[in-house]
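The structure appears below as C-alpha cells.
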Amino acid sequence: MDPAVVLRRAVDGDAGELLTVQRAAFVSEAQRYGDPSMPPLREDLDAVLAAIGEQVVLVALRGTRLVGAVRGRVEGSTAHVGRLAVAPDQQRQGLGSALLGALEEALPQGITELRLFTGGDSAATIARYERAGYVRAGESVDDHGTTLVHLVKEVGDPARTIG
Ligand SMILES: CC(C)(COP(=O)(O)OP(=O)(O)OC[C@H]1O[C@@H](n2cnc3c(N)ncnc32)[C@H](O)[C@@H]1OP(=O)(O)O)[C@@H](O)C(=O)NCCC(=O)NCCS
C-alpha cells in the first residue's frame with residue numbers, strides 16, 4: 001500500500017467524511033442490485049457515530065483526506081466485518097485489502113472467527129475475500145430479494161489489539 005496512506009481508529013470527527021465516502025463507494029453496489037436503499041446508503045450520521053463508539057472502526061487517510069473505512073462489530077468470539085468502502089477514485093491501489101488486514105489486527109483478543117457478507121453477484125469482491133482467507137459459509141436473501149453470500153474466516157492466533 002502507498003506509504004502516504006495512514007490507517008487509524010476512527011474518531012467522532014471522522015463521521016461526516018466517512019459517511020460521504022461510504023455512500024460514494026456503495027453507489028456502484030446499489031446500481032448493481034437495483035437497491036438504492038441498501039443499508040450502507042441508508043445509514044445516517046447518528047448511526048455512524050454510534051458505530052464509532054461501539055465498534056472497531058478504522059479509516060484510511062491520504063493526507064487530510066479520508067479515503068476509506070471498515071468496521072468490525074464484536075459479538076462474543078465473533079467479529080462481524082462490514083461497510084468496507086474505498087473512495088471510487090482511490091480503488092485498486094490496495095487500500096481495501098490493507099483496511100481488512102488492519103481490522104483483523106485491531107480487534108480485541110479472543111476473537112476466533114470473522115464473519116461478513118456481500119452480494120451474490122459481486123464475484124470480484126467474493127474472490128477477494130476468499131484470497132484473504134475467508135470461506136463461503138452459506139447464503140441468505142435480504143428484504144430486497146438480493147442473494148447474500150456469507151463468508152467466514154477462522155482466526156488461528158487470537159487477534160491482538162493495536163490501539
Ligand atoms: C470492495 C472495495 C472496498 C475494494 O477496495 P480496493 O481499495 O479497490 O481494494 P484493493 O485495491 O485492495 O483490491 C482491489 C483490486 O485491486 C487490485 N490492486 C491492488 N493494488 C493494486 C495496485 N497497486 N495496482 C493495480 N491493482 C491493484 C487487487 O489485486 C484487486 O484486484 P481484483 O479486483 O482483481 O481482486 C471497493 O471496491 C469498494 O469500496 N467497493 C464498493 C463497496 C463494496 O462493495 N464494499 C464491499 C461490500 S462487502
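It should be emphasised that the depicted structure is a prediction, and the values quoted were computed from it without experimental measurement. Just follow the structure's listing: the first ligand is 1, and inside any ligand the first atom is 1.
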On a heavy-atom basis, the closest approach of A25 and Q91 is CB-NE2, 4.5 Å
Minimal non-hydrogen separation, L19 against D44, with atom names:
CD2-C, 3.9 Å
Under a strict 4.0 Å criterion on non-hydrogen atoms, which protein residues are in contact with ligand 1?
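Close residues (ligand 1, cut-off 4.0 Å): A25, F26, E29, L84, A85, V86, Q91, R92, Q93, G94, L95, G96, S97, F117, T118, R128, Y129, R131.
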Residue list, ring pair (Phe, Tyr, Trp, His ring centres under 6.0 Å) with [X], at least two apart or on another chain:
X    : value
Y33  : none
H144 : none
F117 : H150

Would you kindly say whether R62 and Q93 are connected by a side-chain donor-acceptor distance under 3.5 Å?
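The answer is yes; a qualifying pair exists.
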